[in-house]
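What follows is one structure encoded as structure tokens, with my remarks underneath.
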Amino acid sequence: MTAVEPPITETPARTVPAEAEVAIVGAGFSGLAMSIKLSALGIDDHVVLERGQKAGGTWWFNTYPGCGCDVPSHLYSFSFAPNPDWTRTYSRQPEIEAYLQRVADDFGVTPKLRLGTTVTGAEWDEENSRWVVETSGGDVRARVLVSAAGALSDPKTPDIEGIETFKGHMFHSAQWDHDYDVAGKRIAVIGTGASAIQFVPASAPAVAQMHVFQRTAPWIMPHTDRPISKRERRLYKRFPALQKLVRGGIYSARELLVLGFVKQPRLMKVVERLARKHMDSQISDPELRRKVEPGYTIGCKRILPSNKWYPALGRDNVELVTDGVTEVREHSIVTVGGEEVEVDAIIFGTGFAVTDMPVAKYLRGRGGRTLDEHWKGSPRAHLGTTVPGFPNLFMLLGPNTGLGHSSMVYMIESQVAYVIDALKAMRRRGAATAEVKAEAVRDFVEDLDAKMQDTVWNTGCSSWYLDDTGRNATLWPDWTFAFRRRAARFDESEYEIAAGRGA
Ligand code: NAP
């Protein structure tokens, strides 16, 4: 008789701490800034949960050809970690990713990161005043939860009839398949947004044929990207104040755009003239010129800078298709006009889930209610950060903190300062919980919605800025320094601050 071995039950290795003062979801710009500032405050008992294999967030995930930032390098970096070594005035993805990983090392927060760790849920434990954060590496019980998951992190692909029957290759720009060689292939690109205008010019020379399916023509401005010379870099290194001055100049110049976006949309006509001149100078084919003419006020959707987009569309092996897509078959795409285009691969440049952010589905506050249920299709948060019914939850880059004209890093630093001030206030009061009052959110959102009324984003275009109810739940409708001023101080009168277990 042979002995029966007991079955081996494998329990996945715990990779996260069981308890933490603060749990941060995401190790992109916002999660890293939060971790750095918490460490500076002496809150070392925190953990950063990141599903990517390295830090960097969107700058680790997006590796498509030509990927870069359309905000100038000197402004698209932390104010507390200037980088005199940027090699271009507008950085490319590998340099930004390396910058973020270096900053994490330099500020000593790399050990706080738990990489390859996916957060699958988080629920408020009423009795113990703790967030129970469920991750692929085990649960973490944290007093404070900071959602730094990013607004543009979950790729969206369209639900086109027959798409599941396609026998070729398919991927989204944010999940670029580098093992698939596009050289010599017939490629369909769906979408003409910020990502497509970068990867189409970068990939078009190699492919046999590219069909770019455009639903809405974007407004394109000339790009002022150029290399930063070694001499300039030496100067920035030697005189950090000079780099600060340049950063300040860029910030102020960009802030002037708020006049056109928010205060006086008719001023956008000036910008529109510049964009049209760019179009005319780069396109000689009248048919293509007709197809790329946008049908809405410039700025209503994100303005895209590129000197390569129109020339790419003008290539012999590139076709701009303005007829909608109705169906995908085994080896082809069928347009509304009935044309069938045979392709080997489909690349989606179709953007991200923004106002329907997945994080809202798995965050459960008081009574087990999800953020999604609370928002009912229209995200609202005080200063884009706190939500009633979700005590001790702080969102970075939450609703209405987005920008169409300047650096998100500025908004992130403003919000991080707010969270730090909140934690200081809680500590001072010996509080277990801080929960924003519903009236505070109501007043904040009423003011915001009123300011939104006359902005360029309300001039009649459909954009990913708008939520299911048609409300702009994405952008900040004012000067960015006005946001910073409001977020500079945590106003305790706007919160229910309570003592309790776990204080
Ligand atoms: P996006 O700007 O949202 O563009 C998505 C594109 O896909 C649009 O042209 C959209 O057309 C089209 N589309 C979506 N669903 C479609 C469907 N069902 N059928 C046909 N076309 C469809 O996405 P993205 O280009 O990935 O950029 C997203 C955001 O990421 C940007 O706005 C920007 O904030 C950020 N980003 C920044 C940089 C940077 O340089 N800093 C670079 C890349 C991305 P419609 O316009 O008609 O909706």
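In each ligand, atom 1 is the first atom listed, and ligand 1 is the first ligand listed.
Annotation: atom 24 (P) of ligand 1 to nearest protein heavy atom, Ser195 OG, 3.4 Å. Annotation: atom 37 (C) of ligand 1 to nearest protein heavy atom, Ala194 CB, 4.2 Å. With hydrogens left out, the protein atom closest to atom 23 (O) of ligand 1 is Gly351 CA, 3.1 Å, a heavy atom. Here the heavy atom of the protein found nearest to atom 35 (C) of ligand 1 is Leu152 CD1, 3.5 Å. The closest protein non-hydrogen atom to atom 4 (O) of ligand 1 is Gly193 CA, 3.5 Å. Of the protein's heavy atoms, Trp464 CD1, 3.1 Å lies nearest to atom 3 (O) of ligand 1. In terms of protein heavy atoms, atom 17 (C) of ligand 1 is closest to Arg215 NH1, 3.3 Å. If you check which protein heavy atom lies closest to atom 40 (O) of ligand 1, you get Asp70 N, 2.7 Å.
Listed by number with element, the atoms of ligand 1 under 4.0 angstrom from any heavy atom of Gly191 are 6 (C), 7 (O), 9 (O), 12 (C). Numbered from 1 in the order shown, with element, the atoms of ligand 1 that lie under 4.0 Å from a heavy atom of Pro158 read 17 (C), 18 (N). Close approach of ligand 1 to Gly68 is summarised as follows: ligand atoms under 4.0 Å from at least one heavy atom of the residue are 39 (C), 40 (O), 42 (C). Heavy-atom contacts of Arg302 reach the following atoms of ligand 1: 31 (C), 32 (O), 33 (C), 34 (O), 41 (N) (cutoff under 4.0 Å). Residue Lys301 has at least one heavy-atom neighbour below 4.0 Å for each of these atoms of ligand 1: 45 (P), 46 (O), 48 (O). The contact set between ligand 1 and Gln198, taken as ligand atoms under 4.0 Å from a residue heavy atom, comprises 40 (O), 42 (C).
Between Tyr64 and ligand 1 there is a heavy-atom distance shorter than 4.0 Å. Residue Ser173 places no heavy atom under 4.0 Å from ligand 1. For the pair Thr192 and ligand 1, a heavy-atom separation below 4.0 Å is found. The closest approach between Lys156 and ligand 1 stays at or above 4.0 Å for every heavy atom of the residue.
Ring geometry, Trp176 versus His178: the interplanar angle falls from 30° to 60°, so the pair is classed tilted. Using a 30° and 60° split on the angle between ring planes, Phe261 and His405 fall in the tilted class, from 30° to 60°. By the 30° and 60° cut-offs, the orientation of the rings of His278 relative to Tyr310 is tilted. The aromatic rings of Phe444 and Trp476 lie parallel to each other, with less than 30° between the two planes, well short of the 60° mark. Between His74 and Tyr236, the ring-plane angle classifies as perpendicular under the 30° and 60° cut-offs. Between Tyr99 and Phe29, the ring-plane angle classifies as tilted under the 30° and 60° cut-offs. Using the six-membered ring where Trp is involved, Phe213 and His211 have ring planes that are tilted, between 30° and 60° apart.
Polar contact with ligand 1: absent for Val71 (N/O pair, distance under 3.5 Å). In terms of N/O distances under 3.5 Å, ligand 1 is not approached by Trp59. Considering backbone and side-chain atoms together, Ile190 places no N or O closer than 3.5 Å to any N or O of ligand 1.
Comparing heavy-atom distances from atom 47 (O) of ligand 1 across Val212, Asn62, Thr216 singles out Thr216 as nearest. Between the choices Pro218, Cys67, Gly349, Cys69, the shortest heavy-atom distance to atom 5 (C) of ligand 1 belongs to Gly349.
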Practice prompt. Test Ser203 against Met210 for side-chain contact (heavy atoms from CB on, under 4.5 Å), laying out the working first.
Written response: CA-CA 9 Å; Ser203 332; Met210 189 176 261; 4.0 Å; yes
Worksheet item: Under the side chain to side chain donor-acceptor pair (under 3.5 Å) criterion, do Arg484 and Ser414 qualify, and how do the steps go?
Response: CA-CA 5 Å; Arg484 178 156 288 192; Ser414 309; 2.9 Å; yes
Worksheet item: So Thr474 and Asn400, side-chain contact (heavy atoms from CB on, under 4.5 Å) or not? Walk me through it.
Response: CA-CA 4 Å; Thr474 307; Asn400 293 103; 5.9 Å; no
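Using a cut-off of 4.0 Å between Lys/Arg side-chain N and Asp/Glu carboxylate O, Glu50 and Arg114 are scored as not salt-bridged.
If you look at Phe352 next to ligand 1, the close heavy atoms, those under 4.0 Å, all belong to the side chain.
Atom CZ of Arg226 is surrounded by more than 12 heavy atoms from other residues, nucleotides or ligands within 6.0 Å.
When ring centroids are compared, His172 and Phe352 come within the 6.0 Å threshold. Checked against the 6.0 Å centroid threshold, Tyr251 and Tyr410 count as a close aromatic pair.
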